[in-house]
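Model, not experiment: these values are computed from the prediction. Because only heavy atoms are used, hydrogens play no part in the values below, and waters and symmetry mates are left out as well, while side chains stay in.
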Amino acid sequence: MPSWFWDQLSSNLSLLNISFDRIRGELPNPLKVPAFADVSMKSNLFEGPLPNLSNGVELLDLSGNRFSGSIPPNIGKVSPYLIFLSLSGNSLSGLIPSSSIGEMQSLQVLDLSNNNLIGPIPTNLYNCSFLKALDLGHNNLNGPIPSSIGSLEPASDASLTAQQNSPKPSLARFETGNNRPRIEHLIGRNSDLGRGEAKAGCAY
């Protein structure tokens, strides 16, 4: 996309939707959009590294593109007000940034599925106390599912489930107990996930 497009974005912009347009190229870095805007660029042909985000974005959907490299390690620090984040269906690699992911304390939906992410699930996802949906499926994550995630107390009624990779994906169910609201949590088709702390109602 031409650089003038980004230079002329109105400071009053609340929604930027350029999805399903087969746009090619790399995004500017940093990606400067107005504060508290909703940004959807899903299902295009964007490539290269993920850009650093501007402060205040509330919704960011970059799913279904060709982004590669790692998730910016400071993503939670520069975008603490994110409510919805989807980076699914790209070619992202490396670790889920454990140092900052928990700083997005307003986050309700996190979808990192269908990438090439490795390593453990960050334990500080516990800080995302409003999280309602988490999809980490179809990556190469490993290690235990943090038991602290089962202690999340969102406002909606749901069940906390975790799905791991096996010939027929099995299901590990966590209950928050004490009649508290429960979170729907999906982790599907990973190479070695769910061993260790997934203790309640596991089926392997």
Side-chain angles (χ1 to χ4, degrees), residues 1-9 13 15-122 124-125 127-128 131 133-143 187-191 193:
M1 296 184 67
S3 59
W4 58 259
F5 175 85
W6 304 104
D7 295 336
Q8 297 184 18
L9 287 179
L13 185 74
L15 172 63
L16 175 61
N17 187 346
I18 49 175
S19 304
F20 302 101
D21 287 325
R22 300 186 66 80
I23 302 173
R24 298 177 179 272
E26 295 189 12
L27 294 177
N29 195 0
L31 180 61
K32 296 181 179 180
V33 295
F36 305 109
D38 294 343
V39 179
S40 179
M41 303 182 192
K42 65 182 179 181
S43 300
N44 283 291
L45 300 173
F46 289 119
E47 57 188 3
L50 286 175
N52 289 307
L53 306 177
S54 57
N55 287 322
V57 175
E58 291 187 334
L59 180 150
L60 180 65
D61 191 344
L62 299 179
S63 61
N65 282 283
R66 298 176 177 177
F67 291 108
S68 57
S70 59
I71 299 173
N74 63 343
I75 187 169
K77 295 182 183 295
V78 300
S79 301
Y81 304 113
L82 271 171
I83 295 173
F84 179 103
L85 175 62
S86 178
L87 304 176
S88 67
N90 285 285
S91 297
L92 300 175
S93 57
L95 302 171
I96 300 174
S98 60
S99 61
S100 69
I101 197 77
E103 297 191 32
M104 297 185 286
Q105 296 185 16
S106 299
L107 197 64
Q108 296 183 25
V109 176
L110 177 60
D111 186 356
L112 304 179
S113 62
N114 292 285
N115 282 288
N116 300 310
L117 300 173
I118 61 173
I121 300 172
N124 62 359
L125 276 172
N127 295 330
C128 304
L131 195 63
L134 172 63
D135 193 346
L136 304 178
H138 297 270
N139 281 289
N140 297 305
L141 302 175
N142 56 50
I187 308 170
R189 292 191 180 278
N190 283 282
S191 58
L193 187 64

If every non-hydrogen atom of [X] is compared with every non-hydrogen atom of [Y], which pair is closest and at what distance?
X	Y	answer
I101	C128	O-SG, 3.7 Å
L50	I71	CD1-CA, 4.2 Å
V39	V57	CG2-CG1, 4.4 Å
L112	N139	O-ND2, 3.0 Å
M41	I18	CG-CG1, 3.7 Å
L16	F5	CD1-CZ, 4.0 Å

Could you give the distance from [atom1] ([X]) to [atom2] ([Y]), rounded to the nearest 0.5 Å?
X	Y	atom1	atom2	value
N115	S93	CG	OG	9.0 Å
L27	E47	CG	CD	10.5 Å
R22	N44	CZ	CG	9.0 Å
L53	L82	CG	CG	6.5 Å
Y81	Q105	OH	CD	10.5 Å
N17	D61	CG	CG	9.0 Å

* Asked: Does the pair N116 and S91 meet the rule for a side-chain contact (heavy atoms from CB on, under 4.5 Å), with working shown?
  -> CA-CA 6 Å; N116 300 310; S91 297; 4.3 Å; yes

Within-4.5 Å side-chain heavy-atom neighbours: [X] and [Y]:
X	Y	result
L95	S70	no
P51	E26	no
L13	V33	no
L59	I83	no
L45	R66	yes
L125	L110	yes
L85	I75	yes

Short side-chain to backbone donor-acceptor contact, [X] and [Y], under 3.5 Å:
X	Y	value
N52	N74	no
S100	P73	yes
D38	S40	no
N124	S98	yes
N114	H138	no

* **Pairs where residues 51-75 contributes a residue and the test ring-ring contact (aromatic ring centres under 6.0 Å, His included) is met, not counting sequence neighbours** => none

* Residues, nucleotides or ligands: over 12 heavy atoms within 6.0 Å of F84 CZ -> yes

* **Among D111, L136, D135, N65, the one residue meeting side-chain contact (heavy atoms from CB on, under 4.5 Å) with S88** => D111

